[in-house]
Structure formats: C-alpha cells, structure tokens
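The structure appears below as structure tokens.
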Amino acid sequence: ASLTQEWPKLSLETSAQRHDSLSAKLTKLVRLIGESHHLDRDGDLQQYYLQDLAVLEIPRLSFEFGALRAAAAPVAAQMLSVTQKQEAKINAISANISFLMDNAHWKLDSLRELAARSRDGAFGAQMKQATDALRASEDAFDAYQRWVASNIMTRRPVGVPSQEVMEHGTLFETKLAALHDLLMDQVRTRSAKRLAAERLERDLALAFVAAMVVAAILLAGYFTRGLTRSMRRVVATFSAIEAGHYENEITVDSADEAGQVLRSLDKMQTTLRIRIEADRRVLAENTRVRQALDNAGTIVLVVDEQHKIVYANETAKDTFAHLQQDIQRELPQFSGTALVGASIDIFKPVQCLDRATLDGLRDSQNKVLTLGGHTLVLNASPIVDDSGGRLGTVLEWRNRSSGVAVENEVKSVVAEALGGNLQARLPLDGKTGFHANLAGGLNELLDNLSTVVSTIKHAVVEIRSSADDIAKGNAELS
C-alpha cells in the first residue's frame, strides 16, 4: 500500500529498486508457501502444473517484466543513448521472459494432453482458453519488446519519458493478470474438488472406523457373554467340588479358551474323584489298622524318620504311664504320659533304641530289655515306602514282668518240692488269667501230692507197726 501511494513521487531508480524488492519478496513468499504446504510436489500432475504456473511461473513472469521496465525506465529518464551494459541487461531479462513463456507453453500443452488422456473435455477447453490467454500475453510482450527496441535500444538519445516506459507495459500486465486469474480459478476449483474428495474419503474412513468400533463392541459383548456363561459354569462347578460333589455334569460347547478351561475342569474333576475314592479306601484301611493297633494287647510305638514318636496305642500309653516311676529310676528323662510328639531319645542310653541303631535297621530285630526292674521284649521293624525310602520304625513291646515273676515263683516252688518240702505254694494274689490258673493248678497238684505222700507215710508206719507186732508174737510162740 505504501509503494502504491508513493511511487509517483519516487525517482526512477528508487522506484525500480522498490519494485524489484517487492517482486523478490512476493516471489520468496510464494515459494515459501508452496514448499511449506507441499504445493510444489503435488502427486496429481495436473494440479502440480496448474499450481506451478499460477503460484510460481506467472508471478515470476510478472516479476521479470517489472525488472525489464525497471531496466528500461532509467535509460528514458537520462534522455541519453542506451549503454552497452544497459542493453545487455534488458536483453537478458527479455530472454528470461521468453524462456518463461516457452516453459509456460510447455506446461499448458502438457495439461491439454493430460486432459485428452483423461477425456476431461471441460478441463481441456479451459486449458485451451489459458493457452490463448498466454498467446495474447506473448503478443503484448512482443509488442512491448518492439516498442523498447525502437525507442530505448537505439544508439541515439532516447526521446520518450520514463512514464511512457511504464505505461506501455500495462497491456502485457493486463493479459498476464487475466491468465493468472484463469489459472488460479482452476487451482481453486480443483483444490475444492480435491478437498471435497479428501473429506469424503475421511468421512468414509471415519464411518468405517466407527463401524469397526461398533462391530468390535458387539463382538466383545458377544464373546464376553459367552465367556461369562462359561465362567459361571466353572465357578458353579468349583463350588460343587468344594462342597464335596465330584459328579457334576460339565458341558463343553466351544473350542475357545473358555471351552479349554471347562474341558480341563472336567478332567480335573474326574481325577479328583478317582483320587479321593482311592484315598477313602486307603483311609478306611488305615482306620481299620489304627483301630486294631489301638485295641491291640501289645505295646505299639511308631517313630518317624526324624526320630519322633508319632503314634502310641492305648496299651502303650497305659503301660508306660504305669511303669513311669520305675523306669525313671534308670532313665530320668523318660515320661510315659507324653509319648506322642516326644523324641526317641527319652530311652537313652538304651543301645537298641538309639538313632543310629534304628536308622540302620534293615529287617525286624528282637531284644529283651530290663527297665526299672520290668522285663520287656522289643521287636523293632523298619517302615519303608514302595520305592524303598525310609519312613520310620515300628516298635512292638511285650511286658513279660509278671510272666518272669511267675516263672521264678514256679521254679522256687518246684525246687522246694524236689527238696522234699511239699508245703510251699504259689501265691495267688495279683495273678489273673493263665498265671492264676497255673498257680491254682500247681498248688492243687502239690496239695494232692502232699496228701498222697502223707497217706503213704501213714501206711508205711502202720505196716511197720504190724510187722513189729508179728515179729513180737512169733518170738513169744517160740
């Protein structure tokens, strides 16, 4: 706006410089816009040529023509003949403008060929119109060149004012502006169509994405419902298994991950059922064995591989509790009231019950022990698993204290009887069962034997007395 208002007041040189600077800035701005928005590298060749002509080539022609007028105006202003340097500059600018014109012709011809190939008659007609406008611009430029050649490029002093140099270029500028407007209309029209197509493509892409999202949501809902149903069945089955029911019917109606989970759950349920049934059978057998051991008349202790007493039957508890005080006289650490959980070391220093001896057992061994004055017969046997691994030791005891006492009493009574003392008897106090029967029978036998011996003795005495009487009578008779 400042140059438009001030240029009539400017000198020719200043005006030319200001116009050259403005044209250079405009050209730089156009190139910057084209490069920043990739308008100079459009993939559509038609659009690229149009934009190149409208944005770069035609503005550059206008710039070069301004430079031509700026080069010719000082010559007219000096009212002198043109110098060789001025002439060379004007000719160079004119040649550059002709080159740009030819380049514009080539691009317009290329656009017309592209329109023919694409059978775009309307665009072809518009490019023909643009070609005609370019020819009109060429004609105006040729006329201006002829005027410059006849009025400026002469070897005589120039007789035209500088203002006329500027005015004679108006026709070319008008024709060139018409061409530029025509090309810009095409650029805007094609850009609008292209923008509409890109918007349509974008809308279609967005619609497709939205449709895919909706489809994904629907599919996710479908699969989620299916997975939820399967998971509910899984949870219900787990609840039933937790409650001890192993006959649940599991229906597998899919081959996906949920179906695999159900199939695995069915296998797990079957395996658990078989295992639990087997465990129940083993438990029943173990219960029967434990009850038999609990009620056994012999003492039974079970020692694990860590040498702890893990089992003691009722006979063991009662017997060792009864013998505790007697055994503690030899083994102070012994406790017969807390056998289960205690270490086998409560029997230290009994050799056959130390840890090394128990670990070295390979088969059953019998030992006769005397603890606290009581005679105990011990049978120790190793416990191993199916693979031969050591699990512990079972200790079976028999209390022979009463039996040994009875044996000693019998020996004493028999010895007395053999020595002629048939009055010795076995005491019946504290004896039960076999021992009471044995003592009663032996005492009765001794009673009978004593009666027989007394009878025999009495008979012998009577016989001896009768014999003496007979002998005395015979002596008297003689």
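Given the structure is predicted, the values throughout are model-derived calculations rather than measurements.
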Pairing donors with acceptors under 3.5 angstrom, does anything connect the side chains of [X] and [Y]?
X: Ser387; Y: Asp385; value: yes
X: Arg190; Y: Gln46; value: yes
X: Asp318; Y: Thr315; value: no
X: Asn103; Y: Glu57; value: yes

Validation row: [X], [Y] side chains within 4.5 angstrom (heavy atoms):
X: Leu50; Y: Phe123; answer: yes
X: Leu358; Y: Asp354; answer: no
X: Val394; Y: Leu301; answer: no
X: Val187; Y: Val55; answer: no
X: Leu68; Y: Glu64; answer: no
X: Tyr311; Y: Val340; answer: no
X: Thr393; Y: Val302; answer: no
X: Gln47; Y: Gln51; answer: yes

Measure the [atom1]-[atom2] distance between [X] and [Y] for me, rounded to the nearest 0.5 Å.
X: Thr189; Y: Arg194; atom1: OG1; atom2: CZ; answer: 14.0 Å
X: Ser137; Y: Leu176; atom1: OG; atom2: CG; answer: 5.0 Å
X: Gln145; Y: Ser94; atom1: CD; atom2: OG; answer: 4.5 Å
X: His322; Y: Ile327; atom1: NE2; atom2: CD1; answer: 10.0 Å
X: Lys317; Y: Ile299; atom1: NZ; atom2: CD1; answer: 13.5 Å
X: Arg273; Y: Met268; atom1: CZ; atom2: CE; answer: 11.5 Å

Point to revise | Full working for salt bridge (charged side-chain N to carboxylate O under 4.0 Å, His left out) between Asp132 and Lys128 | key: CA-CA 6 Å; Asp132 294 339; Lys128 184 179 182 305; 3.5 Å; yes
For the residue pair [X] and [Y], what are the closest heavy atoms and their distance?
X: Gln333; Y: Ile346; result: NE2-O, 3.1 Å
X: Ala321; Y: Thr337; result: CB-CG2, 4.4 Å
X: Leu331; Y: Pro349; result: CD2-CD, 3.6 Å
X: Asp326; Y: Arg329; result: OD1-NH1, 3.0 Å
X: Ala54; Y: Pro59; result: O-CD, 3.3 Å
X: Ser98; Y: Phe141; result: OG-CE2, 4.0 Å

Revision key, fill the gap. Quick note, side chain to side chain donor-acceptor pair (under 3.5 Å) partners involving residues 165-183, not counting sequence neighbours, are Arg69-Glu173, Trp147-His168
Using a 3.5 Å distance criterion without hydrogens, assess whether the side chain of [X] forms a donor-acceptor pair with backbone atoms of [Y].
X: Thr357; Y: Gln351; value: yes
X: Asp345; Y: Lys348; value: no
X: Asn313; Y: Thr298; value: yes
X: Thr287; Y: Leu283; value: yes
X: Gln324; Y: Ser335; value: no
X: Arg390; Y: Asp359; value: yes

Point to revise | Worked verdict on Val303 versus Val310 for side chain to side chain contact (heavy atoms under 4.5 Å, CB included) | key: CA-CA 6 Å; Val303 181; Val310 295; over 6 Å; no
Review point. Is the Tyr144-Phe172 ring centre distance short of 6.0 angstrom?
Key: no
Point to revise | More than 12 heavy atoms from other groups under 6.0 Å of CD on Glu201 | key: no
Practice item. Assess whether atom CD of Gln325 is packed by more than 12 heavy atoms of other residues, nucleotides or ligands within 6.0 Å. Key: no
Practice item. Flag the pair Glu285 and Arg281 as a salt bridge only when some basic side-chain nitrogen lies within less than 4.0 angstrom of an acidic carboxylate oxygen. Key: no
Check your understanding: Between Asp203 and Arg199, is there a side-chain N and carboxylate O pair less than 4.0 Å apart?
Key -> no
Revision key, fill the gap. Per side-chain contact (heavy atoms from CB on, under 4.5 Å), Ile93 is matched among Ile90, Ile97, Asn91 by Ile97
Practice item. Give the intermediate values and the outcome of side chain to side chain contact (heavy atoms under 4.5 Å, CB included) for residues Ile309 and Leu395. Key: CA-CA 10 Å; Ile309 300 172; Leu395 304 175; over 6 Å; no
Exercise for review: Please step through side chain to side chain contact (heavy atoms under 4.5 Å, CB included) for the pair Arg60 and Asn96, ending with a clear verdict.
Suggested key: CA-CA 10 Å; Arg60 188 176 176 188; Asn96 195 25; 4.2 Å; yes
**Study point:** CA sep, side-chain torsions, deciding dist, call: Gln129, Leu182, side chain to side chain contact (heavy atoms under 4.5 Å, CB included)
**Key:** CA-CA 8 Å; Gln129 187 179 1; Leu182 180 62; 3.9 Å; yes
